Amino acid sequence: MKIQDTLSKLEQDVDISKKVKIYLCGVTVYDESHIGHARTIIIFDVLRKYLENKGIEIEFIQNFTDVDDKIINRANAENKTADEISTKYIKNYFHDFDGLNVKRATNYPKATEHIEDIVKFIEKLIEKGVAYPTKNGVYFSVTKFPEYGKLSKKKIDDLQSGARIEVDEEKKDPLDFAVWKLSDKAPTWDSPWGKGRPGWHIECSTMSIKYLGENFDIHGGGRDLIFPHHENEIAQSESCTGSQFAKIWMHVGMVTIDGEKMSKSIGNVKSIKHVIKNWGANIIRLFCLSGHYSKPIDYSKELLKENLIKWRQVETCHYELIHANSENSENIDEFINKTGTEFDNALDSDFNTHLALSAFFQLIKETNRLAAEEKLGKENSNAIKIELKRMLEILGLTIPEVTENEIKEINELIEKREQSRKEKQFEEADKIRDKLNEMNVELIDHKGKTIWMIKENIKAEK
RNA sequence: GGUACUCUGGCAGAACGGUUAUGCGUGAGCCUGCAAAGCUUAUACAAGGGGGUUCGACUCCCUCGGGUACCUCCA
């Protein structure tokens, strides 16, 4: 499997001969998670599910930034402690992402639970002479890392000339960034330099190395993290360890809303609760996977609706397979193999989920074609089921199970409707159909028989 | 201003320099008591503009232009 690496700008092989170690920069827990977070996290969710499906062991670490100015500001505004705010939004995070069918990471380390490690890390940086204490805190000295800017392709000189950073007399260079901020106001921890709290970037260096080692496979996050966050992580980590940090930097593009940047000032932020309520997890996942992860993707009603239509095809396919009992059974093993291989090849070449989806939908369409032509027999439907299940699992798409009782009830109603139809009591037949519709059961009348499907109830935005 | 990414048919979105991708939409048809779903079929001769390299460019190079992101917190 190859992934485009932001640092080298080349496609790099992921070493799948042993456990694959992935670190994803998670969220700062001070507010609702939104569709932008969802996209990044869903991309990595599918990545790990794909590798796991191949039998590869994954160690997947995703942090929570739970100490930060934004959290503190929010706490002050709501007259709460920073801890109350971060705890609330961590709980909220899990609620949202469980709802999006995202598999839990191996571990979700928090900055506040690694203060000791962070302090040790900073001590090492000072020992190595790349960080220095001032009366405001401890700063990393950018000029001590000659390769500074290598990830974001920026030159220190350019950054300095365009610096819009507040001038801090104590800093040796305006680009130097805090690894420890001295402060009296809670939350604070003791440190050799005095009471304070860690800077933003240091937690990810510390925790990624702690859990995954100095040189792990993939470090990911949104594109907006390239500078300064990941740039600074590299500077700190490589200064500290003296060896290469992450092997591959994988960055996910931004989500725009109707072509516009999503931002609080514009007021167009789509929270995960909002998108789940309107479209449901399956459609949101399809949407997030519909473009190449590295490119921007635009959230619009039209696109979401397109994914709704596609989702209906998947549901139809699923139920056609359940009801398949045709006498004829066309041999389509070769076709299944072909789409399966295409699916995998697409993901292997820089994780092209769009192409993978196109293979997935080929299988869906072929199945629906066979059903329409009454060629969906037991044998081929079983073969399709196996491959389809694999793909659905990797993509994280779910179709709810139906209980025996529900099936019984549905079948009884269909029976009644058939009777009415035979007697040409169409009004009565339609009544029964309406009743089933209210139960989210849709009927599909094929030539000879009627099958049912449970239709996920999608509100569809506006 | 700097850096990165990007610009393909109504929309979305692919493709080793040489082959009509594909999907949605739209038209027609099949099926049906009606509907829905599904299926079949037709439909786009597209590549931001201009140069260049090449026998041949969506694909490489130059240039001009548009968009987005980052340069301050941001997935």
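Every chain is numbered from 1, with letters handed out A, B, ... down the list of sequences. Note that the coordinates shown come from a computational prediction; the quantities given were computed from them, not determined experimentally.
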query: Would you find more than 12 non-hydrogen atoms of other residues, nucleotides or ligands less than 6.0 Å from A:E334 atom CD?
result: no
- prompt: With both distances under 3.5 Å as the test, what is the Watson-Crick or G-U wobble partner of B:rG1?
  reply: B:rC71
- prompt: Whole-Å distance between B:rC11 P and A:K305 NZ?
  reply: 17 Å
query: What's the closest nucleotide to the A:L225 side chain, out of B:rC34, B:rA75, B:rG38?
result: B:rA75
query: Does the base of B:rG38 carry an N or O that pairs as donor and acceptor with the side chain of A:D445 under 3.5 Å?
result: no
task: Classify the nucleic acid contact of A:S152 as base, sugar-phosphate or nothing, counting any heavy atom under 4.0 Å across all strands shown.
output: sugar-phosphate
- request: Please state whether the phosphate of B:rA14, meaning OP1 or OP2, lies under 4.0 angstrom from any side-chain nitrogen or oxygen of A:K295.
  value: yes
query: To the nearest Å, how far apart are A:E306 CD and B:rG23 P?
result: 11 Å
- prompt: Heavy atoms under 4.0 Å, any strand shown: does A:K422 hit a base, just sugar-phosphate, or nothing?
  reply: nothing
- prompt: Expressed in whole Å, how much space separates the C1' atoms belonging to B:rC45 and B:rG51?
  reply: 24 Å
task: Return the nearest nucleotide to the side chain of A:P228; candidates are B:rC39, B:rC71, B:rA75.
output: B:rC71
- prompt: With a non-hydrogen cut-off below 4.0 angstrom, is A:G221 in contact with a base, only sugar-phosphate, or nothing?
  reply: sugar-phosphate
message: Looking at the base of B:rA36, is there any donor atom on it, or on the side chain of A:R433, that sits under 3.5 Å from an acceptor on the other one?
response: no
message: B:rC39, OP1 or OP2 - any side-chain N/O from A:K375 closer than 4.0 Å?
response: no
message: Please determine whether the number of non-hydrogen atoms from other residues, nucleotides or ligands lying under 6.0 Å from atom NZ of A:K150 exceeds 12.
response: yes
message: For A:E302 and A:H201, find the nucleotide of RNA chain B closest to each by heavy atoms; which residue's nucleotide sits nearer the 5' end?
response: A:E302
field: A:R433 and A:D430 ion-paired at < 4.0 Å
entry: yes
message: Assess, by modelled atom type and distance only, whether the side chains of A:D348 and A:Y50 contain a donor and an acceptor separated by less than 3.5 Å.
response: yes
- request: Select base, sugar-phosphate, or nothing to describe what A:R74 touches, counting heavy atoms under 4.0 Å on all strands.
  value: nothing
- prompt: Has A:K49 got more than 12 heavy atoms of other residues, nucleotides or ligands less than 6.0 Å from its NZ?
  reply: yes
task: Please give the nucleotide sitting opposite B:rU43 as a Watson-Crick or G-U wobble pair, both distances under 3.5 Å, or none.
output: B:rG25
task: Identify which nucleotide among B:rC71, B:rA14, B:rC39 has an atom closest to any side-chain atom of A:K365, counting heavy atoms from C-beta outward.
output: B:rC39
- prompt: Taking atom P of B:rC34 as reference, at what distance in whole Å does atom NZ of A:K424 sit?
  reply: 10 Å
task: Using a 4.0 Å heavy-atom cut-off across all strands, classify A:L443 as base, sugar-phosphate, or nothing.
output: base
task: Kindly point out which of B:rA75, B:rG33, B:rA4 is positioned nearest to the side chain of A:D430?
output: B:rG33
- prompt: When the P atoms of B:rG2 and B:rC24 are considered, how many whole Å apart are they?
  reply: 44 Å
query: When rounded to the nearest Å, what value does the distance between C1' atoms of B:rU40 and B:rG18 take?
result: 33 Å
- request: Considering just the side-chain nitrogens and oxygens of A:Q313, establish if one lies under 4.0 Å of OP1 or OP2 belonging to B:rC24.
  value: yes
- request: Pick the P atom in B:rU6 and in B:rA28, then give their distance to the nearest Å.
  value: 40 Å
First of A:I226 and A:H34 reached from the 5' end of RNA chain B, by closest nucleotide: A:I226
Same-atom distance (P) from B:rG49 to B:rU41, integer angstrom: 34 Å
message: In whole Å, I'd like the distance from the CZ atom of A:R312 to the P atom of B:rG25.
response: 14 Å
Candidates B:rA37, B:rA75, B:rC5 - which lies nearest the side chain of A:M262: B:rA75
message: Measuring only the C1' atom in each nucleotide, how far is B:rU43 from B:rG23? A whole number of Å is fine.
response: 15 Å
task: Could you please name the option among B:rG13, B:rG38, B:rA69 that lies closest to any side-chain atom of A:T316?
output: B:rG38
message: Using a heavy-atom cut-off of 4.0 Å across all strands, would you classify A:F227 as base, sugar-phosphate, or nothing?
response: sugar-phosphate
message: Would you say the ring centers of A:H34 and A:Y299 fall short of 6.0 Å from each other?
response: no
message: By nearest atom, which of the nucleotides B:rA36, B:rG33, B:rG25 is closest to the A:E442 side chain?
response: B:rA36
message: With rounding to the closest Å, how many angstrom separate the C1' atoms on B:rG66 and B:rC60?
response: 22 Å
- request: Scan A:G220 against the nucleic acid and name what it touches under 4.0 Å (heavy atoms): base, sugar-phosphate only, or nothing.
  value: nothing
Length of the line joining A:K154:NZ and B:rC5:P, which is rounded to integer Å: 12 Å
- request: Indicate whether OP1 or OP2 belonging to B:rC70 is found under 4.0 Å from a side-chain N or O atom of A:K261.
  value: yes
- prompt: So, are A:K270 and A:E461 salt-bridged, with charged N and O less than 4.0 Å apart?
  reply: yes
query: Over how many whole Å does the gap from A:K2 atom NZ to B:rC16 atom P extend?
result: 14 Å
statement: Applying the 3.5 Å cut-off to both distances, the Watson-Crick or G-U partner of B:rG38 turns out to be B:rC30
- request: For the residue pair A:H230 and A:C25, establish whether any side-chain heavy-atom pair is separated by less than 4.5 Å.
  value: yes
query: Side-chain N or O of A:K449 less than 4.0 angstrom from OP1 or OP2 on B:rC31?
result: no
A:N352 side chain, from C-beta outward: closest of B:rC34, B:rG23, B:rA15: B:rA15
- request: Might you confirm whether atom NZ of A:K185 has over 12 heavy atoms from other residues, nucleotides or ligands at distances under 6.0 Å?
  value: no
- prompt: B:rA4, B:rC70, B:rC39: which one has an atom nearest the side-chain heavy atoms of A:D224?
  reply: B:rC70
statement: As its Watson-Crick or G-U partner within any shown strand, both distances under 3.5 Å, B:rG65 has B:rC7
- request: Would you kindly give the CD1-to-C1' distance between A:I364 and B:rG38, to the nearest whole Å?
  value: 13 Å
- prompt: When you measure from the side chain of A:M254, which nucleotide among B:rU22, B:rA75, B:rA4 comes out closest?
  reply: B:rA75
task: Provide the distance between the two C1' atoms, one in B:rG38 and one in B:rA4, to the nearest whole Å.
output: 46 Å
task: Specify the separation, in whole Å, of atom NE2 of A:H292 and atom P of B:rG23.
output: 22 Å
